[in-house]
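Side chains included, hydrogens not; waters and symmetry mates left out as well; all remaining heavy atoms used. Lettering of chains follows the sequences in order, A, B, ..., and the numbering in each one begins at 1.
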Number of protein chains: 4
Amino acid sequence: MRKPRSHPAGNESLDSLVRLVQRVRLIAFDFDGVFTDNTVYVFEDGREAVRCHRSDGIGLSKLKRLGVDVVIVSTEANPVVMARSRKLGIECFQNANDKRGALAALLEKRGLSFQDVAFVGNDLNDLGCLQEVLLPIVVNNAHPDVLRYAKFRTEAPGGAGAVREVCDLFERLRTPASRQVSS
Amino acid sequence: MRKPRSHPAGNESLDSLVRLVQRVRLIAFDFDGVFTDNTVYVFEDGREAVRCHRSDGIGLSKLKRLGVDVVIVSTEANPVVMARSRKLGIECFQNANDKRGALAALLEKRGLSFQDVAFVGNDLNDLGCLQEVLLPIVVNNAHPDVLRYAKFRTEAPGGAGAVREVCDLFERLRTPASRQVSS
Amino acid sequence: MRKPRSHPAGNESLDSLVRLVQRVRLIAFDFDGVFTDNTVYVFEDGREAVRCHRSDGIGLSKLKRLGVDVVIVSTEANPVVMARSRKLGIECFQNANDKRGALAALLEKRGLSFQDVAFVGNDLNDLGCLQEVLLPIVVNNAHPDVLRYAKFRTEAPGGAGAVREVCDLFERLRTPASRQVSS
Amino acid sequence: MRKPRSHPAGNESLDSLVRLVQRVRLIAFDFDGVFTDNTVYVFEDGREAVRCHRSDGIGLSKLKRLGVDVVIVSTEANPVVMARSRKLGIECFQNANDKRGALAALLEKRGLSFQDVAFVGNDLNDLGCLQEVLLPIVVNNAHPDVLRYAKFRTEAPGGAGAVREVCDLFERLRTPASRQVSS
């Protein structure tokens, strides 16, 4: 098994990280700053656009093959989040001013607990989730105030391969070395 | 209290910066180059779009909680500035070819003086304001000709966290250490 | 003849690279991540846009003068790929979930074999083609898992001159030094 | 007089550069790669957008005050070039597959010669102009094949302050030190 390219943000050893990754049943992703570079394109009529990364699609297919569920939990009720999640085939929970509460409700419905979950975030409004879940992950360019809450920090910035990197990490740490085929 | 990540552009010591920040009652932001990366997307029909940073919203909420007022003072009468300021819930003064005059008029209406104000700018058309206010601030990638007029220069470039960094600075330097809660 | 600015990814010597380049009759380009920076702009109504590089046009004209054929082989059936390839005057094969199969069919129709082809890719879905063709090329910021399959890796990232760099390379390595005119 | 921030690309000394700048009566700018970062945003319906820099406007006003004429000479007949030049108030010559010929015709009409002109370009299709004019200028990230033809190379890349830098250079080298006022 290859060493994951990214280093744990805290003191997680590789062994500990492997154990955490193998227990995760659901990955919940924040949208802005994780699937995007945290910028927004603003048009004259107030409409918005965001910039995502094509490589995420291949990564999310890997998670599907591994049997890991994926959801997006986003603060804003924004059509661009819907558009992107529909394209990627991911369920999306929006308008979640209280992301922790939204995630809790979702977990109850699926018979899961926070200890089955990895959460990938980038800013203060992700803190409630990052502090509760089994495996809190932040993107490389997350706000400094949330870095310390992560057990894994991606090498890639948000919107530039961070989602793919998390998926690749799961593939590497959950696949017996003998069966690892890259495609 | 944590040390602010950014360094004063001039000789302002941290103590002096704390005193200035604590006296500010209003922050006036330039738009292009501060809320944006100073680029503009030009479409075939002449319409424009700009690129802003999602992290600014959380920062501006902090200023609201601290009781610091916020306005945008922009040279261009541009629909994208209106669109963004509406979304962020900030009052916006546009078409201000003479930004200093526009700011002066606004201050008079609110019973404030330039000595109650921090101004955040990035180019020569901000000079009139930067030279008058109590706390002149420039973004990291401001035009070289205005750098020397600033008492604080952000670490982040415009449109990539500069507004948030100013808000975080105000939170840190105005909140007694015992009450500092990040969220 | 100038030394190509880019270095072979593997152990290809310059001599070996010259021999490969001179045997190529068709260059097949992946689209996303090669013609673009692998990001996608997502709008509220689900429409997309991509960011390409103007310098590619001059490069593709060089290939035309050299008599090297060019095609785009893309996984997604996406209107933006059609729009860009039409503008550049390149034939485009889309909806190719199996890119290797699509390329094989195309080659058969033209009476060519994989050993007449250079393929330029950036991610795992290009692996089938990269492993078959005479001259597999990857862009500088290709996914780590495909780097090792390339005999040439561009210096420029995708969408920022990578296509032009490949065209310039072909011009340099196929034009007798005495006839090299830059225009 | 401050030293210009950029260094001549060739062997031009500062003295020689001052002499050249003071003789220029017209600056002709290429558009793509000079006013823009040389990328193009491609939409599903084939329409395009480009990314320009807000700081250019202040720079072009400086040239107006100095009495230096400005034109854009662009290869493509593209609505975005028209849109941007109209906004900046610059005359624009498009569809100039032969930029050198287009510039020659323009100069004749105005009673000027190539020896009255500075040309700012970035790629091979600017070579005809760069080789003829008094003061050939390239942007920092110009194609390697044209660098050697420039007597001045900007520090800023195209679309990120290069136009402004040229304007600032003209202001500095044409204004007697005693009258230099930055605004």
Side-chain angles (χ1 to χ4, degrees), chain B residues 30-52 72 74-81 84 94 96-101 121-132 138-150 157-160 162, chain D residues 2-6 31-32 35-37 39-43 45-62 65 72 76-88 92 94 155-165 167-169 171-172 180-183:
Chain B
D30 175 34
F31 187 77
D32 284 302
V34 172
F35 275 91
T36 79
D37 55 8
N38 216 20
T39 64
V40 54
Y41 298 83
V42 180
F43 293 82
E44 296 188 357
D45 57 6
R47 276 186 297 181
E48 298 183 349
V50 294
R51 187 188 190 194
C52 298
I72 291 175
S74 169
T75 306
E76 274 201 54
N78 198 314
V80 293
V81 187
R84 186 62 181 159
Q94 284 198 78
N97 256 312
D98 171 22
K99 287 190 193 180
R100 194 200 155 283
N122 78 310
D123 206 339
L124 287 179
N125 53 359
D126 299 317
L127 211 51
C129 291
L130 290 170
Q131 288 178 309
E132 289 279 2
V138 294
V139 298
N140 192 278
N141 56 340
H143 192 279
D145 289 348
V146 303
L147 292 181
R148 85 192 90 152
Y149 297 97
Chain D
R2 264 186 287 161
K3 196 165 154 295
R5 270 170 297 143
S6 306
F31 187 76
D32 285 302
F35 275 91
T36 79
D37 56 8
T39 63
V40 54
Y41 298 82
V42 179
F43 293 81
D45 57 6
R47 276 186 297 181
E48 298 183 348
V50 294
R51 186 189 190 194
C52 298
H53 209 256
R54 288 276 194 216
S55 74
D56 296 344
I58 292 179
L60 295 166
S61 306
K62 290 180 177 186
R65 282 199 301 271
I72 291 174
E76 273 201 55
N78 198 313
V80 293
V81 186
M82 286 307 295
R84 186 61 181 159
S85 59
R86 202 181 309 119
K87 171 97 183 248
L88 293 171
C92 171
Q94 284 198 79
E155 264 193 17
V163 171
R164 173 65 172 273
E165 186 180 332
C167 301
D168 287 352
L169 178 79
E171 181 190 47
R172 280 175 194 146
Q180 273 196 48
V181 182
S182 289
S183 105

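Heavy atoms closer than 4.5 Å to chain D are found in both the backbone and the side chain of B/D37. For chain D, no part of B/V146 is nearby; none of its heavy atoms comes within less than 4.5 Å. Proximity to chain D is absent for every atom of B/N122, based on heavy atoms less than 4.5 angstrom apart. Residue B/R47: no heavy atom, backbone or side chain, is found under 4.5 Å from chain D. Contact of D/R86 with chain B is not made at all, since no heavy-atom distance falls under 4.5 Å. For B/N38, the parts sitting under 4.5 Å from any heavy atom of chain D are the backbone and the side chain alike.
With chain B as partner, the option from D/P79, D/A83, D/S55, D/G159 having the largest number of non-hydrogen pairs under 4.5 angstrom is D/P79.
Of all the heavy atoms in D/S85 and D/I72, the pair that sits closest is CB-CD1, 3.9 Å. Annotation for B/G128 and B/R100: closest pair O-CG, 3.6 Å, computed over non-hydrogen atoms.
Looking at D/K87 and D/D56, no side-chain N of the basic residue comes within less than 4.0 Å of a carboxylate O on the acidic one, giving no salt bridge. Comment: D/R54 does not engage B/D123 in a salt bridge, judged by the lack of any side-chain N to carboxylate O separation of less than 4.0 angstrom.
For D/Q94, the side-chain contact (heavy atoms from CB on, under 4.5 Å) partners two or more places apart in sequence, or in a different chain, are D/S74, D/A77, D/N78, D/V81, D/M82, D/C92.
With D/D168 contributing its side chain and D/G59 its backbone, the two residues share no donor-acceptor pair below 3.5 Å.
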